[in-house]
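To keep things clear, I will list the structure first and then write my remarks on it.
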Number of protein chains: 2
Amino acid sequence: MNIGQAAEATGLSAKMIRHYEQSGLLQPTQRSAAGYRQYQPKDIEILKFIRRARVLGFSLADIAGLLALWQNPQRSNTVVKQVAQQHLAEVEQKLQELHAMKQTLQQMIAQCAADGGAHCAILQHLAKPQPLIKPTRS
Amino acid sequence: MNIGQAAEATGLSAKMIRHYEQSGLLQPTQRSAAGYRQYQPKDIEILKFIRRARVLGFSLADIAGLLALWQNPQRSNTVVKQVAQQHLAEVEQKLQELHAMKQTLQQMIAQCAADGGAHCAILQHLAKPQPLIKPTRS
DNA sequence: GCTTGACCTTACCATGTGGGTAAGGTTCAT
DNA sequence: ATGAACCTTACCCACATGGTAAGGTCAAGC
């Protein structure tokens, strides 16, 4: 199986498969006489593993660790869970940041007239932020 | 005002201020006889504008546009609003992706025993994904 | 005046996950 | 034999930011 077929079989690009090999995620595969990379079914499984982990947002460094654990019969699921929990924490952190951005953007947009005039609540806020949500009367 | 004071006054790093100048976000400032960048109060306002826009996740390219609009008395708030809405859409897109990751990660983690054994629902799922949520009986 | 430390300058490299391109070799079918 | 489709390596690019190195400048203290 050449790299193009491996790419199609896994949903990765040939470019990225080479990149993963060069980054040490994959052992260098066998090569044909002409130097073409040859992929065995086992290699395809590893590539699919990488792809699924990428979809979940794991970094290549994380994936290198997860692959090592996967291939180690003496692995401890405790370590795996820690990696996943750490990553989940980072995802949640980013969710919070994006949520804060979204809130502010929505409020700014809602206050912008968009009547073609020069007055603009968005620019005003960026120039000198005003409290967007009135503090609840205390 | 030297760049270090400008950095402290705006919350940016000196490094980034130079980068913004080099990227064309800022007009090159005046220089002292020795070549030190000199920041006027107006420059500080621009830097603060940039910082607030970065906090909201706008790209440097977006910010360049917003700055130009801000400084243009003939601006139309319609354009500003479009830029903000486009960015909001991207933020919402990323929020969705991260939310999907979070859901899957949480379910995988919940199914992982973490008892120090080799059996691991997380690795199992990455190796060959199983439906994590049982489809509602149909 | 000289030293010292804190500041400034430019120029380069690195990050991480890809995409693009160029110049060349290989394979296979016609 | 030729052409299309594939493969190879080796580059450059994005994006925002950090780091480092090698050197110039300024102000304070001795």
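Just so you know, these numbers come straight off a predicted model, no measurement behind them. Residue numbering restarts at 1 for every chain, and letters A, B, ... go by the order of the sequence lines.
- Nearest nucleotide to the A:Met16 side chain, out of C:dT17, D:dT17, C:dG18: C:dG18.
- The distance between atom CZ of A:Arg18 and atom C1' of D:dA10, rounded to the nearest whole Å, is 12 Å.
- Along DNA chain D, the nucleotide nearest to B:Ala34 and the one nearest to B:Phe58 differ in position, and the one closer to the 5' end is contacted by B:Phe58.
- Of the possible polar contacts, none joining the A:Asn2 side chain to the A:Gly4 backbone as a donor-acceptor pair under 3.5 Å is found.
- Distance, B:Ile3 CD1 to D:dC26 P: 16 Å, rounded to whole Å.
- The base of D:dG24 sits within donor-acceptor range of the side chain of B:Tyr36, with an N or O pair under 3.5 Å.
- Residue A:Ser13 has its side chain nearest to C:dG19 when only C:dT17, D:dT9, C:dG19 are considered.
- OP1 and OP2 of C:dC8 both lie 4.0 Å or more from every side-chain N or O belonging to B:Arg37.
- Atoms CD (B:Gln38) and P (D:dT25) sit 14 Å apart, rounded to a whole Å.
- Looking at the side chain of B:Asn2, the nearest of the listed nucleotides C:dC8, C:dG19, C:dT27 is C:dC8.
- Under the side-chain contact (heavy atoms from CB on, under 4.5 Å) test applied with A:Ile50, the options A:Leu67, A:Ile17, A:Val55, A:Leu66 reduce to a single match, A:Leu67.
- Heavy-atom nearest nucleotides on DNA chain D were determined for B:Ala61 and for B:Ala33, and the one closer to the 5' end corresponds to B:Ala61.
- Panel note: side chain A:His119, backbone A:Cys112; no donor-acceptor pair is recorded below 3.5 Å.
- Counting to the nearest Å, the P atom of D:dT17 and the CD1 atom of B:Ile50 are 11 Å from each other.
- Nearest nucleotide to the side chain of B:Arg31, out of D:dT17, C:dG19, C:dT10: C:dT10.
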Worksheet entry | Pair A:Val83-A:Phe58, side-chain contact (heavy atoms from CB on, under 4.5 Å): steps then yes or no | CA-CA 9 Å; A:Val83 173; A:Phe58 285 100; 4.2 Å; yes
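- Distance from the side chain of A:Tyr20 is smallest for C:dG18 among the nucleotides C:dT27, D:dT25, C:dG18.
- The side chain of A:Leu60 sits closest to C:dT17 out of D:dT8, C:dT10, C:dT17.
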Worksheet item: How far apart are the C-alpha atoms of B:Leu60 and B:Tyr20, what are their side-chain angles, what is the distance that settles it, and do they pass the side-chain contact (heavy atoms from CB on, under 4.5 Å) test?
Response: CA-CA 8 Å; B:Leu60 295 196; B:Tyr20 296 153; 3.7 Å; yes
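- Among C:dT10, D:dT17, C:dT17, the nucleotide with an atom closest to any side-chain atom of A:His19 is C:dT17.
- Applying the 4.0 Å criterion to OP1 and OP2 of C:dT26, one finds that A:Ser32 has every side-chain N and O outside that range.
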